[in-house]
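Below: one structure, written as structure tokens.
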Amino acid sequence: MQEPSNFRQLCAEHRIAVTHQRQVLYEVMQGMEGHPSPEEVFDRVKEKVPAISLATVYKNIHLFMESGIFRKMSVHHGSVRVEMNSEEHHHMVCSRCKSITDIGEEELGLTSRRRRLSGGFLVERYAVDVIGLCVKCQQVVS
Ligand SMILES: [Zn+2]
Ligand SMILES: [Zn+2]
């Protein structure tokens with residue numbers, strides 16, 4: 001977990017104002033893994049700042065993601081998720097329970113990445129979603 005002074009520095013770098021709520025939110029998010037939704041973050045933050053509202057948490061998570069402090073996961077699975085893994089990676093998404101698991105580039109065989117694609121499309125980054133059934137959901141099926 002980062003020290004409060006680092007959060008101030010981070011806010012200065014990303015040009016957002018430091019508030020107590022943002023600092024607590026940031027600290028709570030630092031301690032989370034995977035791809036939490038704003039609701040999951042809210043549940044944790046509430047324990048420390050009971051007066052905080054879900055709307056405030058939403059607003060500040062969006063601010064964190066827009067300013068680049070946290071990365072946004074691709075959002076076409078419904079709700080917004082925050083990406084806690086800063087390494088380049090892709091996702092295995094279960095079509096049944098919607099669980100999301102990180103997967104490395106090597107395993108997908110995506111190590112040779114082209115910077116330009118057909119029509120001159122310039123690649124910023126690759127984010128591949130592999131859709132399927134997780135181990136738990138496979139057991140339910142059989
Ligand atoms: Zn599943
Ligand atoms: Zn991820």
Side-chain angles (χ1 to χ4, degrees), residues 1-16 18-50 52-142:
M1 193 179 287
Q2 304 225 14
E3 293 301 311
S5 58
N6 288 1
F7 179 67
R8 285 178 185 280
Q9 207 179 347
L10 205 61
C11 285
E13 280 168 21
H14 294 271
R15 290 154 197 248
I16 65 171
V18 179
T19 67
H20 174 68
Q21 285 190 338
R22 277 181 196 156
Q23 185 161 336
V24 174
L25 183 64
Y26 175 78
E27 283 165 11
V28 166
M29 289 172 77
Q30 281 283 302
M32 296 181 84
E33 287 184 343
H35 313 89
S37 65
E39 289 80 6
E40 284 168 328
V41 175
F42 174 63
D43 282 342
R44 296 262 195 114
V45 175
K46 230 173 21 184
E47 292 166 15
K48 301 198 173 183
V49 187
I52 203 164
S53 70
L54 180 59
T56 302
V57 169
Y58 258 109
K59 210 173 63 191
N60 283 301
I61 287 176
H62 277 280
L63 185 73
F64 282 163
M65 292 194 297
E66 270 164 34
S67 63
I69 291 179
F70 285 100
R71 191 190 263 189
K72 188 193 236 171
M73 214 207 117
S74 39
V75 286
H76 43 272
H77 306 295
S79 81
V80 174
R81 302 295 198 95
V82 186
E83 178 59 76
M84 291 300 167
N85 184 351
S86 55
E87 303 279 308
E88 283 296 327
H89 67 279
H90 306 285
H91 293 111
M92 296 182 285
V93 181
C94 179
S95 57
R96 190 163 301 225
C97 71
K98 311 292 178 204
S99 67
I100 302 160
T101 310
D102 291 344
I103 182 172
E105 311 205 280
E106 317 74 47
E107 197 175 338
L108 285 180
L110 285 170
T111 42
S112 71
R113 291 178 296 164
R114 288 164 63 196
R115 285 273 294 153
R116 250 180 222 284
L117 300 177
S118 51
F121 188 89
L122 181 63
V123 176
E124 284 175 0
R125 70 185 181 95
Y126 281 72
V128 176
D129 290 337
V130 184
I131 315 296
L133 285 177
C134 72
V135 173
K136 263 193 218 160
C137 291
Q138 289 173 48
Q139 285 162 353
V140 174
V141 170
S142 56

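These figures come from a predicted structure and were not determined experimentally.
- The shortest distance between side-chain heavy atoms of Met29 and Ile61 falls below 4.5 Å.
- Side-chain atoms of Asn85 and His35 form no donor-acceptor pair, as typed in the model, at a separation below 3.5 Å.
- In this structure, SG in Cys94 is found 10.0 Å from NZ in Lys136, a value given to the nearest 0.5 Å.
- Heavy-atom minimum distance, Leu133 versus Ser95: CD2-OG, 3.9 Å.
- Partner of Pro36 under the side chain to side chain contact (heavy atoms under 4.5 Å, CB included) criterion, chosen from Met84, Arg81, Met73: Met84.
- With sequence neighbours excluded, no residue satisfies ring pair (Phe, Tyr, Trp, His ring centres under 6.0 Å) with His90.
- Separating the CD1 atom in Ile16 from the CG atom in Asn60 is a distance of 7.5 Å, to the nearest 0.5 Å.
- Residues satisfying the ring pair (Phe, Tyr, Trp, His ring centres under 6.0 Å) test with Phe70, not counting sequence neighbours, are Tyr26, Phe64.
- To the nearest 0.5 angstrom, Arg8 atom CZ is 14.5 Å from Glu13 atom CD.
- For the atom pair CG (Leu25) and CD (Gln30), the distance works out to 10.5 Å, reported to the nearest 0.5 Å.
- Side-chain contact between Glu107 and Met92: absent, with no pair of heavy atoms (C-beta onward) separated by less than 4.5 Å.
- Ring orientation note: the planes of His91 and His89 are nearly perpendicular, at an angle over 60° on the 30°/60° scale.
- Considering all non-hydrogen atoms of both residues, Arg96 and Cys137 come closest at CB-SG, 3.8 Å.
- The side-chain heavy atoms of Asp102 and Glu87, taken from C-beta on, include no pair separated by under 4.5 Å.
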For this session: Would you check, one step at a time, whether the test side chain to side chain contact (heavy atoms under 4.5 Å, CB included) holds for His62 with Val80?
Result: CA-CA 9 Å; His62 277 280; Val80 174; 4.1 Å; yes
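- A 4.5 Å side-chain heavy-atom check between Glu40 and Arg44 finds every atom pair outside the cut-off.
- In this structure, the side chain to side chain contact (heavy atoms under 4.5 Å, CB included) partners of Gln21, at least two apart in sequence or on a different chain, are Thr19, Val49, Ile52, Thr56.
- For Glu88 and Arg71, the salt-bridge test passes: some basic side-chain N is under 4.0 Å from an acidic carboxylate O.
- Expressed to the nearest 0.5 Å, how far CZ of Arg22 lies from CZ of Phe7 amounts to 7.5 Å.
- Of all non-hydrogen atoms in Leu54 and Phe42, the two that sit nearest each other are N-CE1, 3.3 Å.
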